[in-house]
Amino acid sequence: MSKNKKPLNIGVLVSGNGSNLQAIINSIEKKALNASIRVVISNNPNAYAIERAKKYSIPNKVVEDGRYSERKEYDTVIAEVLLKEDVELVVLAGFMRVLSPEFIRRFPMRIMNIHPAILPSFPGLHVQKKAIDYGVRFSGCTVHFVDEGVDTGPIIIQAVVPVHTNDTEEELSKRILEQEHRIYPEAIRLFAEGRLTVSGRRVIISDCVNTRGVLVNPPITI
Ligand code: GAR
């Protein structure tokens with residue numbers, strides 16, 4: 001990591017446990033990621049993610065859903081907070097609200113989301129259960145830029161995990177979450193290093209090493 005470069009200012013939006021927020025904090029603490037979390041915003045006052053932010057003295061704010069009848073109004077409030085903090089990248093880490101087109105246009109290709117499936121398969125909610133019910137042999141997670149659709153933006157990085165025959169939703173979610181914690185800090189690092197260029201639907205990564213991994217599930221035993 002370059003020592004002289006100014007850290008990337010990020011704002012993290014959360015709704016729940018905040019284990020992805022924790023992974024990002026850990027990566028910054030380890031100096032693997034040159035970023036500064038300027039603010040954590042939650043729509044849920046009971047989100048454990050807020051406790052995590054407090055523990056590290058990261059500025060945090062709860063902006064409750066119920067206080068705003070219009071999506072646009074809510075989004076204006078959080079956009080103002082992020083802009084005031086000079087946030088350069090908005091990181092959605094388990095943020096369970098859809099953002100308005102107006103918000104997205106204020107941060108073009110500067111909002112990332114993590115999704116617990118291999119997009120474009122299984123967008124939306126409860127996707128670990130959907131993957132099991134569908135019978136896929138692999139699932140995983142995706143970090144992508146946010147565009148005006150739901151889980152449709154250009155893909156930055158994905159990790160694949162096997163789906164086992166007797167998996168419960170909890171078991172698969174845990175296996176996926178472990179990979180989320182690896183790929184989210186990596187995606188932010190690539191952005192911070194200025195290595196991501198969006199070309200149509202594709203994200204071009206400069207100086208990218210090609211993976212040689214091929215996965216088969218169940219394994220071929222002959
Ligand atoms: C993660 O699995 C994340 O991928 C998912 O919520 C969980 C949040 O966990 N996000 C979505 O489903 C977004 N549609 P965390 O609060 O422990 O980071």
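For the single chain, residues carry numbers from 1 onward in sequence order.
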So V63 and N43, do their side chains get closer than 4.5 Å, heavy atoms only?
no

Sub-3.5 Å donor-acceptor pair from the side chain of T142 to the main-chain atoms of A117, do we have one?
yes

Strictly distance-based, threshold 3.5 Å: is any side-chain N or O of N217 a donor or acceptor partner for the main-chain N or O of R137?
yes

Kindly give the heavy-atom pair with the smallest separation between V143 and A187, and that separation in Å.
CG1-CB, 3.6 Å

Answer yes or no: is there a donor N or O on one side and an acceptor on the other, between the side chain of R195 and the main chain of D207, under 3.5 Å?
yes

Decide yes or no on side chain to side chain donor-acceptor pair (under 3.5 Å) for N9 and D86, but give the supporting numbers first.
CA-CA 7 Å; N9 285 343; D86 290 324; 5.1 Å; no

Is the side chain of H181 donor-acceptor paired with the backbone N or O of Q22 at a distance under 3.5 Å, no angle test?
no

Would you indicate whether the side-chain heavy atoms of L83 and V87 approach each other to under 4.5 Å?
no

Distance only, no hydrogens: is a donor on one side chain within 3.5 Å (strictly under) of an acceptor on the other, for N44 and S15?
no

Quick one: does N113's side chain have a donor or acceptor within less than 3.5 Å of a partner on H144's backbone?
no

Can a salt bridge be assigned to the pair K129 and D133 using a cut-off of 4.0 Å between side-chain N and carboxylate O?
yes

Quick note, salt bridge (charged side-chain N to carboxylate O under 4.0 Å, His left out) partners involving residues 157-172, not counting sequence neighbours, are D167-R175

For the side chain of K5 and the backbone of A192, is there at least one donor-acceptor N/O pair under 3.5 Å apart?
yes

Checking the side chain of R189 only, and the main-chain atoms of N34 only, is there a donor and an acceptor separated by less than 3.5 Å?
no

Heavy-atom neighbours of R202 CZ exceed 12 at 6.0 Å
no

Hydrophobic cluster membership, with links at side-chain heavy-atom distances under 4.5 Å among I/L/V/M/F/W/Y: are V161 and L215 in one?
no

Any side-chain donor near an acceptor of the partner, Y184 and Q179, under 3.5 Å
no

In chain order, what residues pass the ring pair (Phe, Tyr, Trp, His ring centres under 6.0 Å) check against Y68, with sequence neighbours excluded?
Y74

